[in-house]
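Beneath this line is the structure, given in structure tokens, with notes to follow.
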Amino acid sequence: MKCKPISFWSIFLGFLLISTQSFGQENYVKPKLINNESWSLVLIPDPQTYVKYDRNVGVLNLMTSWIRENVDSLNTQFVLCTGDLVEQNDLLNPDGKAANQNSKQQWTNTSEAFRKLDNHVPYVLATGNHDYGHVSAEYRSTQFDKYFSPEQNGFNAKALREVGPALNGNSSNVNAIYEFQTPHPKKILVMVLEFAPRNEVIDWAKKTLAQPKYENHDVILLTHTYLDKNSNHIKTEGYKIGDSNYGAAVFEKLVKPSKNIRMVFSGHIGEPDKFDGHLGFRQDKNAAGKTVTQMTFNAQAMGGGWFGNGGDGWLRYLEFLPDGKTVKVKTFSPLFAISPGTQNLAYKKEKNQEFEFSLD
């Protein structure tokens, strides 16, 4: 039998494939702290596109499972999520294109994913525009409290210190403050505020943080919409929801006058398959002359745009070094990391994706 000759290009392409796979395997390093005395927080971007399609739900479950598995190795003290927990808050008949899960299914998908963290690590979830109204903030009503409550996670219940103004006459933890004692001496408050918070909520937040019992705490503010892709504070948006404060107003009314808000995390923005359209970062001084680091991180339109896989599994973990000043940021995907064939894609290395900042 006459053998068919092997072409140069077949050999070359085979060598290239093996080399690429080997390169990924040899260079992949499982996430770890650079200092054993550090601690970390994990930042999850808007989950809405993961939960609006049944085909994507597994990616969010993979992300929360990875967080749970690495709580000890990364010394993770708490997890934050930037909001838009669902695509539609109160929609019964999805069209199959924009979503194939109705709102009850979406809320259940998100809740079950985060329940993987219950009694393993505390988590604080912001509410976004899609978590209110019928489809997107037509009115200020959310199903959040039906699916999330402090007592379901013992760590959350232990950390809860303050609950903000009622929503539609009901007690709600969409506005709340949690206290964490990290391995370093400084105590931290995580304050979560509703989407485009009402004036009443801003006033409550300002007065609460000014109490003497909190004056020596460092405060992390978590809210959904805050910075645009050019790292400017968002001034206004076209939602029907009333009595709203967007990024610029939140900064001027709350962040800037504060003496203890040190970090602000948000999500909301995005562009199909353009990571830079999902990011924002800036630093400003507060009333005490302290630097406030403000970071927007989202990924919902990566991995195929608005109708894609939900964001390629991207999350961030921030390592707080024992010097009390240095914070290292890494952008990582458990989805890419799970297979040796894609582990070379598991980290984003651009300057706006892997970097460090200082707390003064």
Side-chain angles (χ1 to χ4, degrees), residues 14-45 47 50 58-82 113-114 116-117 120-123 182-184 263 265 267 273-276 278-279 281 293 295-300 302-303 309-359:
F15 174 77
L16 182 63
L17 177 61
I18 293 172
S19 298
T20 301
Q21 291 177 339
S22 299
F23 178 83
Q25 294 174 24
E26 292 173 358
N27 285 270
Y28 174 74
V29 177
K30 181 180 178 180
K32 62 181 180 180
L33 300 174
I34 66 169
N35 188 307
N36 290 333
E37 296 181 1
S38 296
W39 65 273
S40 76
L41 69 82
V42 176
L43 187 62
I44 298 178
Y50 294 125
V59 181
L60 183 60
N61 281 278
L62 172 65
M63 294 165 69
T64 53
S65 295
W66 179 87
I67 293 169
R68 183 184 62 198
E69 292 170 1
N70 288 275
V71 164
D72 292 334
S73 62
L74 291 178
N75 199 11
T76 302
Q77 299 297 300
F78 49 87
V79 176
L80 306 178
C81 179
T82 58
F114 278 97
K116 294 180 182 299
L117 303 179
H120 291 277
V121 63
Y123 52 86
T182 70
H184 305 159
M263 286 171 279
F265 294 114
D273 292 310
K274 294 182 180 179
F275 225 141
D276 286 355
H278 293 79
L279 306 175
F281 184 89
T293 300
M295 180 189 301
T296 288
F297 173 67
N298 195 10
Q300 71 183 79
M302 300 301 296
N309 71 11
D312 277 343
W314 293 111
L315 52 76
R316 277 184 174 173
Y317 63 94
L318 283 68
E319 178 178 353
F320 292 73
L321 272 67
D323 64 7
K325 296 180 179 180
T326 306
V327 182
K328 291 188 174 291
V329 179
K330 289 197 175 181
T331 305
F332 174 78
S333 170
L335 178 63
F336 289 131
I338 198 171
S339 169
T342 54
Q343 284 176 340
N344 60 307
L345 303 173
Y347 292 93
K348 297 294 290 182
K349 296 289 188 178
E350 294 85 353
K351 290 182 179 179
N352 61 352
Q353 297 277 18
E354 183 174 325
F355 57 95
E356 69 176 54
F357 62 88
S358 295
L359 300 171

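Any value given below was found using the heavy atoms of this structure, including those in side chains, with hydrogens, waters and symmetry copies removed. Please read these numbers as outputs of a predicted model, since none were measured by experiment.
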Would you mind listing every side chain to side chain donor-acceptor pair (under 3.5 Å) that reaches into residues 58-72, with sequence neighbours excluded?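 Qualifying pairs: N70-S73.
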What do the steps show when you test M295 against L43 for side chain to side chain contact (heavy atoms under 4.5 Å, CB included), and what is the final call? CA-CA 10 Å; M295 180 189 301; L43 187 62; 4.3 Å; yes
Short side-chain donor-acceptor distance under 3.5 Å, Q300 and N298: yes
Heavy-atom closest contact ([X] atom, [Y] atom, distance):
X: K116; Y: H120; value: O-CD2, 3.6 Å
X: P45; Y: C81; value: O-SG, 4.0 Å
X: F332; Y: A337; value: CZ-CB, 3.4 Å

Verify side chain to side chain contact (heavy atoms under 4.5 Å, CB included) between N309 and L335, making sure each step is shown before the conclusion. CA-CA 11 Å; N309 71 11; L335 178 63; 4.2 Å; yes
Can you check whether [X] reaches [Y] side chain to side chain, under 4.5 Å on heavy atoms?
X: R316; Y: Q353; result: yes
X: L345; Y: S333; result: no
X: I44; Y: I67; result: yes
X: N75; Y: S40; result: no
X: L318; Y: F357; result: yes
X: N344; Y: N27; result: no
X: F320; Y: L41; result: yes
X: Y347; Y: Y28; result: yes

[X] side chain to [Y] backbone, donor-acceptor under 3.5 Å:
X: E319; Y: I34; value: yes
X: D312; Y: W314; value: no
X: Y50; Y: G313; value: yes
X: E356; Y: V327; value: no
X: D273; Y: G303; value: yes
X: Y317; Y: T76; value: no
X: T326; Y: L321; value: no

Once you round to the nearest 0.5 Å, how far does NE2 of H184 lie from NZ of K325? 14.0 Å
About how many Å separate CG of L117 and CE of M63, when rounded to the nearest 0.5 Å? 10.5 Å
Partners passing ring pair (Phe, Tyr, Trp, His ring centres under 6.0 Å) against F297 (at least two apart in sequence or in another chain):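 Partners of F297 under the ring pair (Phe, Tyr, Trp, His ring centres under 6.0 Å) test: none.
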According to ring pair (Phe, Tyr, Trp, His ring centres under 6.0 Å), who are the partners of F355, at least two apart in sequence or on a separate chain?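 Ring pair (Phe, Tyr, Trp, His ring centres under 6.0 Å) list for F355, sorted by chain: F281.
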